[in-house]
Amino acid sequence: MENPAASPVLDGVASPDPLFTPITINGRTARNRFALPAMQRASLDFRPTPRMAPTLRAVAEGGCGLIISEGSSPDHPAAYWQQVFSVIGDDTVPEWREVADTVLATPGVLFLMQLWHPGAIRLVVEGMSNPYPDQPTLSASGLVQEGRRNGRAMSAQELRETLAAYVHSARIAQDLGAHGVEIHACHGYFLDQFLWHETNERTDEYGGATLAERAAYPAEIVAAIREATGPDFVISFRFSQWKEVDYTARIAEHPDELGPFLARLRSAGVDLFNVSTRRFDAVAWPELDAKLTLPAWVKSFTDAPVLAIGSVGLSTDFAHDILENEEPRSQAEHDFDRVRLGLEAREFDLIGAGRSQIANPDLVSRVRAGELGAVRSFRKARDLAGVDEHFIHIGQIVAQSRKKD
Ligand SMILES: Cc1cc2nc3c(=O)[nH]c(=O)nc-3n(C[C@H](O)[C@H](O)[C@H](O)COP(=O)(O)O)c2cc1C
């Protein structure tokens, strides 16, 4: 699975820039190690707006190797939340086709479509349209965080229906020509609510004392998608320790829990682990002697490629920036030196830049040209102009009882 071309070059031969070495993931090659993580900002009425294709094209033409579409719901009534988020369903195929065709027109780009579900974070908010206002909110145990209930636990039948919706959406993505899908299981949303001990109280086969046990349902979804899409379709799995409702949350109290968790998902069919952190170079377990980042721990337990994401090029993490209005400074020069070291040391295989590529769709070209001083910082007012309302309700919901660091 690893790309042999990524090996360090020894004996005085000049190393190729590790950022610009192609990587092959389950037989599909991305031209370099840059990724655009899923960034919801161009959907309305549960479908992509005409703004989505040109926005992603700019990042593709800017040089990015792996592009992940905005988080979008499988077509299940409980996964519809606010109309500013897309659904990947039969009704939205025409809009998604334009997006997929546009991104795939750039050679060397790997294109994945992200499947995301709000789970217990879903609230039907007054003034926001929802085709299923009477649909109960469904999740692992009806919990947003410990002691904070919203909706209810899913029945076995609802679990089967939701799994079928994931598979259906993955098949649509495949029919559209996407190279794969990414399963969103992070930041406190639906599948993360299975992984996190605070939000999974199930006593059936989908709960349990260990992280690997609580990964049963996400792994079933991965396996079902693998079965339906065949061996060549790329499946990425995105997870995080932190949650929007709790920045200090942990799904794994100790790195040893990662081994069986990753192995379960890998054998279910995962080809890439997308490790979402608030800062890509932060030490994951400061109390341990081994001062490794979360992506580095993940890499130590799996042979699958690892994508690291979090504040690349910026002084302030996503949560403080988007949800609490702390404006970041650009620190591209510092961060890309660190990224190169991380790639060389095999801490991770790819690096995601979200806000930095929104502010600079040509970020990759600038890094290649060494023009790091010209990289702009992210400014919410400028870079999310017109899409800020996406976050108003998320902000209200998570602000209710957020634990901060
Ligand atoms: C506007 C915006 C939309 C986002 N949408 C998604 C999404 O759809 N799915 C997801 O997994 N993460 C989403 N995120 C989180 C980003 O993928 C990423 O993890 C975060 O911005 C941190 O990376 P950065 O520091 O490089 O921006 C979003 C973040 C922002 C700012």
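Note that ligands are numbered from 1 as they come in the structure, with each ligand's atoms numbered from 1 the same way. Only heavy atoms go into these numbers, but all of them, side chains included; no hydrogens, no water, no symmetry mates. Source: prediction; values computed, not measured.
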*Asks:* Ligand 1 versus Asp321, non-hydrogen atoms closer than 4.0 Å: side chain, backbone, both, neither?
*Replies:*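 The answer is neither; Asp321 stays 4.0 Å or more away.
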
*Asks:* Please check whether Arg41 reaches ligand 1 - meaning an N/O of the residue sits under 3.5 Å from an N/O of the ligand, judged on distance alone.
*Replies:*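 It does not: no N or O of Arg41 is found under 3.5 Å from an N or O of ligand 1.
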
*Asks:* Provide the closest heavy-atom pair for Glu257 versus Ile251 in the form atom of the first, atom of the second, distance.
*Replies:*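 Where Glu257 meets Ile251 most closely, the heavy atoms are OE1-O, 3.9 Å.
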
*Asks:* Between the candidates Glu70, Gln114, Gln357, which shows the shortest non-hydrogen contact distance to atom 9 (N) of ligand 1?
*Replies:*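 Nearest option to atom 9 (N) of ligand 1, by heavy atoms: Gln114.
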
*Asks:* Can you name the one residue among His184, Arg122, His117, Glu244 that meets side-chain hydrogen bond (donor to acceptor under 3.5 Å, both in side chains) with Tyr189?
*Replies:*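 With Tyr189 as partner, His184, Arg122, His117, Glu244 yield a single side-chain hydrogen bond (donor to acceptor under 3.5 Å, both in side chains), made by Glu244.
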
*Asks:* Between Arg41 and Val84, is any pair of side-chain heavy atoms under 4.5 Å apart?
*Replies:*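 No, their side chains stay 4.5 Å or more apart.
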
*Asks:* When you compare the side chain of Phe318 with that of Arg355, does any pair of heavy atoms fall below 4.5 Å?
*Replies:*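 Yes, close enough: below the 4.5 Å cut-off.
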
*Asks:* Find all atoms of ligand 1 within a distance of less than 4.0 Å from any non-hydrogen atom belonging to Ile309, and give their numbers and elements.
*Replies:*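 Taking each heavy atom of Ile309 in turn, ligand 1 has 19 (O), 23 (O) under 4.0 Å.
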
*Asks:* Heavy-atom distance to atom 26 (O) of ligand 1: which of Ser356, Gly352, Cys186, Gly354 wins?
*Replies:*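 Heavy atom nearest to atom 26 (O) of ligand 1 belongs to Gly354.
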
*Asks:* List ligand 1 atoms under 4.0 Å from His184, heavy atoms only on the residue side.
*Replies:*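 In order of number, 9 (N), 10 (C), 11 (O).
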
*Asks:* Do Arg338 and Phe280 have side chains that get closer than 4.5 Å, going by heavy atoms?
*Replies:*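 Yes. Closest side-chain heavy atoms under 4.5 Å.
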
*Asks:* Could you list which atoms of ligand 1 come closer than 4.0 Å to a heavy atom of Pro37?
*Replies:*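 Every atom of ligand 1 under 4.0 Å from some heavy atom of Pro37: 17 (O).
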
*Asks:* Just so I know, are the side chains of Phe378 and Leu384 near enough to count as touching, which here means a heavy-atom distance under 4.5 Å?
*Replies:*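 In short, these two side chains touch, coming nearer than 4.5 Å.
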
*Asks:* Validate the cation-pi geometry between Arg226 and Phe233: distance from NZ or CZ to the six-membered ring centre under 6.0 Å, angle to the ring axis within 45°.
*Replies:*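 No - Arg226 does not lie over the ring of Phe233 by the 6.0 Å and 45° rule.
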
*Asks:* Just so I know, are the side chains of Phe190 and Pro118 near enough to count as touching, which here means a heavy-atom distance under 4.5 Å?
*Replies:*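 Sidechains of Pro118 and Phe190: no contact.
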
*Asks:* For Ser311, take its heavy atoms, then give the atoms of ligand 1 lying under 4.0 Å from any of them.
*Replies:*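 Heavy-atom distances to Ser311 below 4.0 Å select 24 (P), 25 (O), 26 (O).
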
*Asks:* Could you tell me, atom by atom, which parts of ligand 1 come under 4.0 Å of a heavy atom of Ala353?
*Replies:*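 Counting from 1, the qualifying ligand atoms are 26 (O).
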
*Asks:* Which of the atoms of ligand 1 are close to Gly71, meaning less than 4.0 Å from one of its heavy atoms?
*Replies:*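 Going through ligand 1 atom by atom, the ones under 4.0 Å from Gly71 are 7 (C), 8 (O).
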
*Asks:* Would you kindly specify which portion of Ala38 sits under 4.0 Å from ligand 1, judged on non-hydrogen atoms: side chain, backbone, both or neither?
*Replies:*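 Both backbone and side chain of Ala38 come within 4.0 Å of ligand 1.
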
*Asks:* If you measure from atom 18 (C) of ligand 1 to every heavy atom of Arg238, Arg355, Arg278, which option wins on shortest distance?
*Replies:*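 Looking at heavy atoms only, Arg238 sits closest to atom 18 (C) of ligand 1.
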
